[in-house]
There are 2 protein chains.
Amino acid sequence: MLNNSQYIDKLRSSGLRPTKQRVKICEVLFNTDKTFHFTINELVKKISKVSNHKISLATVYNTVHSFKKKGYLKEIPINSDQSYFDTNTSHHHHFYDESQKNLIDIDDSDVEPVKINTKIPGKKIKSVEVLVKVEDDKS
Amino acid sequence: MLNNSQYIDKLRSSGLRPTKQRVKICEVLFNTDKTFHFTINELVKKISKVSNHKISLATVYNTVHSFKKKGYLKEIPINSDQSYFDTNTSHHHHFYDESQKNLIDIDDSDVEPVKINTKIPGKKIKSVEVLVKVEDDKS
DNA sequence: TCAATAGTTTAGAACAATTATAATGTAGAA
DNA sequence: TTCTACATTATAATTGTTCTAAACTATTGA
């Protein structure tokens, strides 16, 4: 929940020029209490709903990728025809409802720490993500 | 590690006609002690290495999808430009080395049971998969 | 204040993975 | 053997994403 000048500062301080397009995308992504999941397509639609000045698809891709690189967004590992991104960059997990193609956050505190009793020589763990696939309970 | 007539039985018993192509793909996928991970592209290459009668790309896609539906293959949830499949359909997890785009199995016994302390009304858990992303340890 | 320049945006082309199409082929049942 | 439903095939179509190269703009420093 920041205002534009704060987005400008944030962008500048991370080495990204605060262009109109980037600030607009910040507004759409971060001007809310809730974090959310989105695909590029959904983001494009949301932008055009909020703004009358359209941002080109290439710019949306570029911006999402640079925000991901800067750590403002996370990519969620699920198999889908599209990539999902998450404005919640804290450590957490997901339910994925395959029937409705719906993603739901699982708070890190709702998952007991995952203990991995094996390792790969020369590699260190970067992240541990749990994906819980659910389906309709017909019982 | 089955022979062709066993694959034929297996296919027939799951309602899939044992065509030449499906039996050949069974051989390529399951005629080994080790389970492995593959993309459709890699599978196509492997088939053409083993056999001189080529199977069309569409058939490989169709077959992999029907094998997945029958539970002979699992799709591995990672973000990539291609889908990864796994001949190991038992419950297990993965390391993903992003720098080398390399997937490594983690035995279920090497991961302490993942306890999820929340649920979604009306849904039941279908699977719980852990993806551990690793990177080079420069320390 | 005003170029210079390096980073950005853009439309559209290109690309790659996957799916659809529709004609031909084949397994299994009668 | 013949019929029918299911499979395979080559190819076209589709879709998500990346590339390209020209136009644009934020920043620097003269």
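A note on names: the letters A, B, ... follow the listed sequences, proteins ahead of strands, and every chain is numbered from 1.
- Here the C1' atom of nucleotide C/dT26 and the CD1 atom of B/I8 are 14 Å apart, to the nearest Å.
- The distance between atom CD1 of B/I78 and atom P of C/dA17, rounded to the nearest whole Å, is 14 Å.
- Counting non-hydrogen atoms of neighbouring residues, nucleotides and ligands closer than 6.0 angstrom, the NZ atom of B/K119 reaches no more than 12 such neighbours.
- Under the 30°/60° scheme for interplanar angles, the aromatic rings of A/F38 and A/F36 are found to be tilted.
- Under a cut-off of 6.0 angstrom, the local environment of NZ in B/K124 is crowded, with over 12 non-hydrogen atoms contributed by other residues, nucleotides or ligands.
- Applying the ring-ring contact (aromatic ring centres under 6.0 Å, His included) criterion to A/H91, with sequence neighbours excluded, gives A/H93.
- Residues forming a salt bridge (charged side-chain N to carboxylate O under 4.0 Å, His left out) with A/E112 (at least two apart in sequence, or on another chain): none.
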request  = Let me have a per-nucleotide readout for nucleotides 4-21 of chain D, 5' to 3', with B, S or -, counting only protein heavy atoms under 4.0 Å.
outcome  = -BBSSBB-----SBBB--
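- Taking side-chain N and O atoms only, A/R12 has a distance below 4.0 Å to OP1 or OP2 of D/dT27.
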